[in-house]
Amino acid sequence: MTATGADREAAGSTTRGYWWWERRRGVALDVGLALVSALECALEGVGFAGDTGLPVPMGVLFGLLAGSVLVVRRRWPIAVVLVAIAMTPAEMGFLMGIVGLYTLAASEVPRRITVVLTGMSLVGTFIVTYVRLRQAVTARPDVIQGDWYVPLVSLFMSVGLTAPSLLFGLYTGARRRLMESLRERADSLERELSLLADRAEERAEWARTEERHRIAREMHDVVAHRVSLMVVHAAALQAVAPKDPAKAVRNAALVGDMGRQALTELREMLGVLRSGDAPRAAGREGREPLAQVGRAAAAAAAAAEDGPGLGEVEALVAQSRQAGMVVELSVDGEARPYGPQVERTAYRVVQEALTNVHKHAAGAKTWVRLAHRGAEVAMQVENGAADGVTADAQLPSGGNGLIGMRERVLALGGVFVSGPTDAGGFRVSAVLPDAPAEPVGAPDGAEGPAASEGAGPPE
């Protein structure tokens with residue numbers, strides 16, 4: 001498991017040192033270098049005092065103070081390099097000059113300042129070396145040297161004292177900046193992966209919710225319509241049994257047929273659910289990827305596409321007529337096949353509308369109209385006012401019928417309208433495009449599963 005930037009920052013804060021040092025080991029390193037530099041300058045101060053005629057203690061004290069400036073190299077690298085350059089004529093602070101140039105090159109100081117100070121150090125070292133060598137050569141006239149000896153040795157000395165520390169500092173600074181950049185990129189990628197994982201989980205949850213809603217609609221359509229007809233036929237059977245045994249037998253056979261049809265459709269639906277149990281269980285335990293959820297939902301939807309279509313609307317109307325409802329069916333335009341989703345949705349709209357008539361307006365005359373147009377199919381189910389005797393079959397209602405119809409139609413890019421009529425009845429109208437639109441409600445651009453809009457009266 002990788003640590004995030006916040007974890008690394010918290011870990012770094014536990015090892016934070018004092019003042020401008022980020023770590024305690026940095027304190028120890030700088031203090032150690034300052035002590036060594038102070039000792040070096042103090043020893044060199046003895047010779048400096050002898051050359052200038054100053055008291056030796058003053059030369060030693062001057063060397064100690066000047067060499068200890070190296071302790072602030074991380075905070076003020078420019079000041080350390082300037083002190084080292086100023087001490088070059090006294091031939092003191094070689095360690096301070098080397099370490100100061102390294103720190104300056106590795107820091108975030110602008111490159112032009114680094115170039116200027118490096119040039120000053122190079123020139124100062126060259127001049128001092130040239131003067132000292134010229135004095136030494138002049139003091140030894142017996143040693144014959146060429147004119148090239150002093151300038152060449154002075155150049156080598158000045159370059160040798162500045163170039164290695166400068167190059168190593170530049171390399172260290174570049175490497176440090178590269179590591180910081182890589183660390184920031186790693187943190188950014190980790191945050192992006194976390195966001196992608198959250199989005200994948202949201203999309204998976206949305207897919208599961210959509211599948212649950214779809215299954216709930218299917219179960220409602222299968223159970224509500226068949227059972228409502230069975231209740232109506234059972235009530236008719238109870239009423240006519242003493243008077244007309246033959247009609248009671250026919251009604252009993254119809255109840256049996258409807259029960260078997262309901263059981264068949266329920267078995268088909270449960271088969272779809274069982275086929276998706278394994279991937280859904282894996283998703284609960286191991287947070288399955290979105291692709292597996294999508295495949296499971298697609299498989300369930302594909303299995304459900306073999307349901308009823310517009311060709312079975314006439315049989316649906318016939319069942320309602322057998323239950324005692326007066327239903328007129330009219331079809332405008334030339335019938336043609338549509339997509340499976342369009343066929344199934346159109347059938348379910350008519351089925352649910354007829355179920356509502358059985359529940360809330362038993363005995364009312366009903367009109368079912370289908371219209372096949374150029375690029376769409378329209379359906380309308382309208383019932384008149386119910387008579388006072390059979391106004392309500394007293395069937396339970398969950399209030400989800402109109403909501404389910406609206407969700408089905410809107411999901412395919414259609415139009416759904418429902419409401420009471422001036423004559424005291426109720427009308428349900430829907431228009432479906434021939435080619436269904438893309439599903440809406442995904443987490444990318446919506447708020448989840450399609451919500452109901454003005455559900456209207458209960459189912």
Side-chain angles (χ1 to χ4, degrees), residues 213-230 257-258 260-269 272 300-323 325 327-359 366-373 375-383 400-418 426-437 439 450 459:
H213 285 195
R214 182 188 61 79
I215 293 172
R217 288 193 296 266
E218 294 293 332
M219 296 290 288
H220 175 272
D221 293 338
V222 169
V223 174
H225 181 73
R226 301 294 183 187
V227 174
S228 297
L229 290 180
M230 291 171 64
D257 292 340
M258 293 176 186
R260 282 187 290 271
Q261 292 175 3
L263 286 176
T264 300
E265 294 188 16
L266 284 175
R267 287 193 186 99
E268 292 175 357
M269 182 61 62
V272 172
E305 283 182 355
D306 297 331
L310 284 174
E312 301 180 39
V313 169
E314 188 173 354
L316 186 66
V317 171
Q319 292 177 358
S320 296
R321 288 171 179 164
Q322 291 175 352
M325 179 187 297
V327 187
E328 291 185 4
L329 173 63
S330 61
V331 180
D332 297 332
E334 185 178 354
R336 65 179 186 275
Y338 298 92
Q341 293 179 330
V342 176
E343 293 263 349
R344 187 177 183 83
T345 300
Y347 178 88
R348 292 303 186 192
V349 169
V350 176
Q351 182 187 51
E352 181 60 31
L354 291 176
T355 300
N356 287 345
V357 176
H358 283 293
K359 286 183 178 181
T366 305
W367 295 268
V368 178
R369 302 180 182 92
L370 294 178
H372 301 278
R373 300 168 184 170
E376 60 186 14
V377 57
M379 63 226 64
Q380 184 182 89
V381 178
E382 180 181 351
N383 63 273
N400 296 316
L402 292 177
I403 295 176
M405 283 190 283
R406 180 182 298 275
E407 288 180 351
R408 285 179 181 273
V409 173
L410 295 182
L412 298 181
V415 179
F416 180 84
V417 179
S418 63
F426 199 83
R427 180 187 297 118
V428 172
S429 301
V431 178
L432 293 173
D434 192 0
E459 62 178 310

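Starting from 1, each residue takes its place in the sequence as its number. Only heavy atoms go into these numbers, but all of them, side chains included; no hydrogens, no water, no symmetry mates. Computed from a predicted model, the values in this text were never measured in an experiment.
E328 is linked by a side chain to side chain contact (heavy atoms under 4.5 Å, CB included) to K365, W367, counting only residues two or more places apart in sequence or in another chain. Every residue two or more places apart in sequence or in another chain that forms a side chain to side chain contact (heavy atoms under 4.5 Å, CB included) with Q380 is listed here: R369, E382, R427, S429.
Looking only at side-chain heavy atoms (C-beta outward), M325 and L354 come within less than 4.5 Å of each other. Using a 4.5 Å cut-off on side-chain heavy atoms (C-beta onward), R406 and L402 make no contact. With contacts defined as side-chain heavy-atom distances shorter than 4.5 Å, the pair D434/V342 does not qualify. Proximity of R408 to F416: side-chain heavy atoms (C-beta onward) are nowhere separated by under 4.5 Å.
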Using the side-chain contact (heavy atoms from CB on, under 4.5 Å) rule, take V409 and V415 through it: C-alpha gap first, then chi angles, then the decisive distance, then the call.
CA-CA 6 Å; V409 173; V415 179; 5.6 Å; no

Step by step, work out the side-chain contact (heavy atoms from CB on, under 4.5 Å) result for N356 and M405.
CA-CA 12 Å; N356 287 345; M405 283 190 283; 4.2 Å; yes

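Paired with N383 under the rule side-chain contact (heavy atoms from CB on, under 4.5 Å), one option of V327, V357, V428, V368 passes, and it is V357.
Across every non-hydrogen atom of V377 and M379, the tightest pair is O-CE, 3.7 Å. Taking each heavy atom of R373 and R336 in turn, the nearest pair found is O-NH2, 2.6 Å. A pairwise comparison of heavy atoms in L329 and R321 identifies N-NH2, 3.8 Å as the closest pair. Shown here for Y347 and G309, the closest heavy-atom pair between the two residues is CD1-O, 3.2 Å.
Once rounded to the nearest 0.5 Å, the distance linking CZ of R348 with CD of E343 reads 13.0 Å. Taken to the nearest 0.5 Å, the OG1 atom of T345 stands 11.0 Å off from the CG atom of L410. In this structure, CZ in R344 is found 12.0 Å from CG in L412, a value given to the nearest 0.5 Å.
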